[in-house]
*Asks:* 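One structure, as structure tokens, below. Some questions next.
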Amino acid sequence: MTRGKQMTIQKVKRSVSVFFLLLCTGCSEIPAVFRPASISAKVTSELIQTVFIISAIGFVVVESILLFTVFKYRSADNSKEIPPQIEGNRRLEIIWTTAVTVILAVIFIISLNPLWIISYPPASKSGASSTENLNIQVIGRQWYWEFDYLDYQVNTANELHIPVGVPVMFELVSADVIHSFWVPELSGKIDVIPGHTNRIWIQAEKPGIYEGQCAEFCGVEHAHMRMLVIAESKEQFEAWLLHQQTVPKADLTSDETEGELLFLSGSCSSCHSIKGTEADGTQGPDLTHFASRTTFAGGSFQNTPENISKWLKNPQEMKPGNQMPNLGLSDNDIRLLQAYLENLK
Ligand code: CUA
């Protein structure tokens, strides 16, 4: 065997092992798109897998022919002579044009049913509960998600509650730039565009907490624009919805009362709303039931007393570029505000 040949074989071996290594890095955890928990995510996941298998077969066939040709017809002993040139082969051209056309036509045909399912929710069953065909407006904002339960005067942020087994209709709009709504286990991506309403429907099949993420670069904190979708039984969901419609409890401790006064007199209330108070700002998330959420700031941080204190001390340090400025609050103000916010269950 010549030295050139040995080197070529070594190179091929190395490339093949790198390829399989890359394949195996994906084995540790199955990506969420392959763990669908809704009707539309299920058909999408199945379609991805079918198209992947078709593409993999195509890849293996084409690469095998390529490798076979390269090795079989390589020039002997590095000869500098140009081999006989061939131009055109009608039969071959017809074969590969037809093969590609047939493959693409098959992919098109098998995509039609999933597309149909994704586009149209199942017809609503008459006589069902009041939250049948729930309408939720999703507003993408730099950098958090606002959820408006249109028929229930409920407005929340970053944590979306939906009932299981019911088609939920979403209309998506943006308050600033283009975002993209994506909860891999529940739906495909859909752009959230200023001045244009997009629609999507989701029917969760299993209760659970599903993570979502903005999937379109939308500025410096794009990566911190997350959300949680909490899919729960109809009864749990209706209880949650009912609670969200209430105003937070009135009997506050003296610290909480001072915190509320601070909230209402300071700049907090010009950006945030709290039901039952004069705070009616719309720039930032509605905080009416802030303490009932597990995360804050675009789903980026756990809603713990330590994190709230840190946030109030300087929001720009935790999430640089966000719309909440450093208010220069004293440690005592932070303590009072935190006491008040933690009471907003
Ligand atoms: Cu919003 Cu990325």
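Whatever order the structure lists them in is the order used to number ligands and atoms, beginning at 1. Numbering starts at 1 and runs along the sequence shown. The figures here come from the full heavy-atom set of this structure, side chains too, leaving out hydrogens, waters and symmetry mates.
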*Asks:* Verify whether one side chain among Asn135 and Glu171 offers a donor that lies under 3.5 Å from an acceptor in the other.
*Replies:* no
*Asks:* Under the 4.5 Å side-chain heavy-atom rule for ILVMFWY, direct or indirect, which residues accompany Leu104?
*Replies:* Val100
*Asks:* List in chain and number order the residues that pass side chain to side chain donor-acceptor pair (under 3.5 Å) with His196, two or more places apart in sequence or in another chain; answer none if no residue qualifies.
*Replies:* Asn198
*Asks:* Taking everything shown except Glu211 itself, do over 12 heavy atoms lie less than 6.0 Å from its CD?
*Replies:* no
*Asks:* Under a 3.5 Å cutoff, is there a donor and acceptor pairing between the side chains of Ser254 and Glu258?
*Replies:* no
*Asks:* Which residues pass the side chain to side chain donor-acceptor pair (under 3.5 Å) test with Glu256, sequence neighbours left out?
*Replies:* none
*Asks:* Which of the protein's N, O or S atoms come within less than 2.8 Å of atom 1 (Cu) of ligand 1, not counting waters?
*Replies:* His179 ND1, Cys214 SG, Cys218 SG, Met225 SD
